[in-house]
Amino acid sequence: MSRHDDHQRGSGLARPGKVKEVTSLTNPIVKDLRALAMKKFRDQQGVFIAEGLKLVIDALDLGWIIKTLVYSKAGKGNALVEQVAARTIAKGGDVLEVSEKVIAAITRRDNPQMVVGVFEQKTQSLSAIKPHGSEVYIALDRVRDPGNLGTIIRTADAVGAKGIILIGDTTDPFSLETVRATMGSVFAVPLARASETEFLSWRKGFSGLVVGTHLKGAVDYRTIPYANKPVILMMGNEQQGLPDQLASACDRLARIPQQGRADSLNLAIATGVMLFEIRRDALKLNGRT
């Protein structure tokens with residue numbers, strides 16, 4: 001029996017193929033779902049919560065494994081909700097119909113979404129990342145703010161970056177706050193984790209361009225030739241920037257020119273500025289205005 005099976009039986013979850021109605025905040029299932037707000041329990045179960053019907057549909061379309069679908073009574077009779085429920089059951093997941101107070105407790109929101117999905121966490125190994133062509137990856141050193149990480153994941157998706165490498169002790173990409181900030185892009189952008197030592201070892205086998213932003217960087221980020229080669233954009237911690245070892249692993253160190261009194265940019269904004277410059281030649285409006 002798997003760990004998930006043990007957990008299902010212990011918490012009284014319905015067998016796959018049935019919809020279970022839950023209205024009490026003291027129900028063991030609800031307690032288990034509320035506990036997923038804490039990293040310890042997310043990691044124990046290997047799952048995370050995503051809010052919103054569109055996000056759940058997108059995740060299913062992209063092949064993510066759904067463990068539990070939760071929808072409020074207001075969603076009953078909604079054709080799309082019922083379709084998602086049927087897809088969840090077909091994939092062996094559980095479906096829970098709950099009161100609004102229950103879904104508010106699970107999401108820790110006063111005005112919760114009508115639908116919540118519990119999905120299996122998924123990351124790729126660093127060794128599986130073999131950038132080629134003009135592919136772009138982002139390496140983030142110890143990013144601490146979930147809003148920053150979520151916004152960077154969303155921006156990476158928007159520019160067509162191929163993935164993000166999380167170096168060292170980063171904030172959890174599967175926290176409620178991070179997943180919300182990604183606006184669904186957490187399902188579209190592959191994530192890998194690595195220690196600084198593991199990343200530096202992997203970097204030795206990478207023959208493309210590694211660019212880091214650094215206060216000591218003497219090069220205007222707009223003058224670096226990014227095209228026609230794979231690029232790793234390396235961004236440092238919010239407070240400390242890139243440590244010396246990671247900065248030394250960069251082929252080029254770049255700065256973003258600024259005016260005014262602000263002495264630095266927010267990490268997510270700086271990453272976005274860099275990504276759109278790196279991907280300048282690849283991004284087209286395709287006739288849209």
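Only a predicted model underlies this, so the values are computations on that prediction, with no experimental measurement involved.
To the nearest 0.5 angstrom, Phe174 atom CZ is 9.5 Å from Arg42 atom CZ. Between the CD1 atom of Ile256 and the OG1 atom of Thr271 there is a distance of 8.0 Å, given to the nearest 0.5 Å. Distance CD1/Ile153 to CG/Leu166: 7.0 Å, rounded to 0.5 Å. Distance check, rounded to the nearest 0.5 Å: CD1 of Ile232 to CG of Leu209 gives 9.5 Å. In this structure, CG in Asp172 is found 6.5 Å from CD in Gln121, a value given to the nearest 0.5 Å. Distance check, rounded to the nearest 0.5 Å: CD of Glu21 to OG of Ser99 gives 9.0 Å.
Taking a 6.0 Å sphere around NZ of Lys73, one finds it holds more than 12 heavy atoms contributed by other residues, nucleotides or ligands. Atom CZ of Arg280 has 12 or fewer neighbouring heavy atoms from other residues, nucleotides or ligands inside a 6.0 Å radius. At most 12 heavy atoms of other shown residues, nucleotides or ligands fall within 6.0 angstrom of atom CG in Leu215.
Using a 4.0 Å cut-off between charged side-chain N and carboxylate O, Asp61 and Arg87 make a salt bridge. Salt-bridge check for Lys20 with Glu97: failed, with every basic side-chain N at 4.0 Å or more from each acidic carboxylate O. Using a cutoff of 4.0 Å between basic side-chain nitrogens and carboxylate oxygens, Asp251 and Arg203 are scored as salt-bridged.
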Can you check side-chain contact (heavy atoms from CB on, under 4.5 Å) on Thr171 and Asp145, steps first, answer last? CA-CA 6 Å; Thr171 191; Asp145 183 84; over 6 Å; no
Starting from the C-alpha separation in whole Å, work towards a yes-or-no answer on side-chain contact (heavy atoms from CB on, under 4.5 Å) for Val211 and Met234. CA-CA 6 Å; Val211 177; Met234 198 184 307; over 6 Å; no
Determine, stepwise, if the pair Glu196 / Leu246 fulfils side-chain contact (heavy atoms from CB on, under 4.5 Å). CA-CA 8 Å; Glu196 182 178 298; Leu246 289 177; 4.0 Å; yes
Thr23 and Val102: CA distance, side-chain angles, deciding distance, side-chain contact (heavy atoms from CB on, under 4.5 Å) verdict: CA-CA 7 Å; Thr23 57; Val102 167; 5.5 Å; no
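Residues Lys216 and Leu253 form no side-chain contact, since every pair of their non-hydrogen atoms from C-beta on lies 4.5 Å or further apart. Residues Glu51 and Arg180 are in side-chain contact: their nearest non-hydrogen atoms beyond the backbone lie under 4.5 Å apart. Between Arg255 and Val219, the closest side-chain pair of non-hydrogen atoms is not below 4.5 Å. Between Glu238 and Val143, some side-chain heavy-atom pair lies under the 4.5 Å cut-off. In this structure, Ile152 and Met235 have side chains that are not in contact, with every pair of non-hydrogen atoms separated by 4.5 Å or more. Taking the side chain as every heavy atom from C-beta outward, Leu275 and Ile138 approach each other to under 4.5 Å. Using a 4.5 Å cut-off on side-chain heavy atoms (C-beta onward), Asn266 and Asn148 make contact. Using a 4.5 Å heavy-atom cutoff, the side chains of Ser72 and Gln113 are not in contact.
No hydrogens or angles considered: a donor-acceptor pair under 3.5 Å links the side chains of Ser125 and Ser127.
Checking side-chain atoms of Thr223 against main-chain N and O of Asp220 turns up a donor-acceptor pair under 3.5 Å. The main-chain N or O of Met38 is never found under 3.5 Å from a side-chain atom of Lys40 such that the two would form a donor-acceptor pair. Side-chain atoms of Thr182 come within 3.5 Å of backbone N or O of Val179 as a donor-acceptor pair. Between the side chain of Ser185 and the main chain of Ala188, no donor-acceptor pair closer than 3.5 Å is present.
When hydrophobic clusters are built by joining Ile, Leu, Val, Met, Phe, Trp and Tyr residues whose side-chain heavy atoms come closer than 4.5 Å, directly or via intermediates, Phe206 is not grouped with Val136. Cluster annotation: Ile269 is connected to Leu233 through the hydrophobic network of ILVMFWY side chains, with a link wherever side-chain heavy atoms come within less than 4.5 Å. Using a 4.5 Å cut-off between side-chain heavy atoms of Ile, Leu, Val, Met, Phe, Trp and Tyr, with links allowed through other members, Val30 and Ile49 fall into the same hydrophobic cluster. Hydrophobic clustering (side-chain heavy atoms under 4.5 Å, transitive across Ile, Leu, Val, Met, Phe, Trp, Tyr) keeps Ile164 apart from Val210. Under a hydrophobic-cluster definition in which Ile, Leu, Val, Met, Phe, Trp and Tyr are linked whenever side-chain heavy atoms come within less than 4.5 Å, directly or via other members, Leu283 and Ile278 are assigned to the same cluster.
Exactly one of Leu55, Val81, Ile103 qualifies for a side chain to side chain contact (heavy atoms under 4.5 Å, CB included) with Val115. That residue is Val81.
Ring pair Trp64/Phe48 is perpendicular by interplanar angle, where above 60° counts as perpendicular and below 30° as parallel.
A ring pair (Phe, Tyr, Trp, His ring centres under 6.0 Å) check over residues 106-145, counting only residues at least two apart or in different chains, returns the pairs Phe119-Phe187. Within the structure, ring pair (Phe, Tyr, Trp, His ring centres under 6.0 Å) pairs that include any residue of residues 212-262 do not occur (at least two apart or interchain).
In plain terms, the two heavy atoms of Ile129 and Trp202 that are nearest each other are O-NE1, 3.2 Å. In plain terms, the two heavy atoms of Ala181 and Pro146 that are nearest each other are CB-O, 4.3 Å. Nearest heavy atoms, Leu200 versus Ala249: CD2-CB, 3.6 Å. For the residue pair Thr155 and Gly272, the shortest heavy atom distance occurs at CG2-CA, 3.9 Å. Here the closest non-hydrogen pair linking Asn237 and Arg142 is ND2-O, 2.8 Å. The shortest heavy-atom contact between Ile165 and Ala194 is CG2-CB, 4.5 Å.
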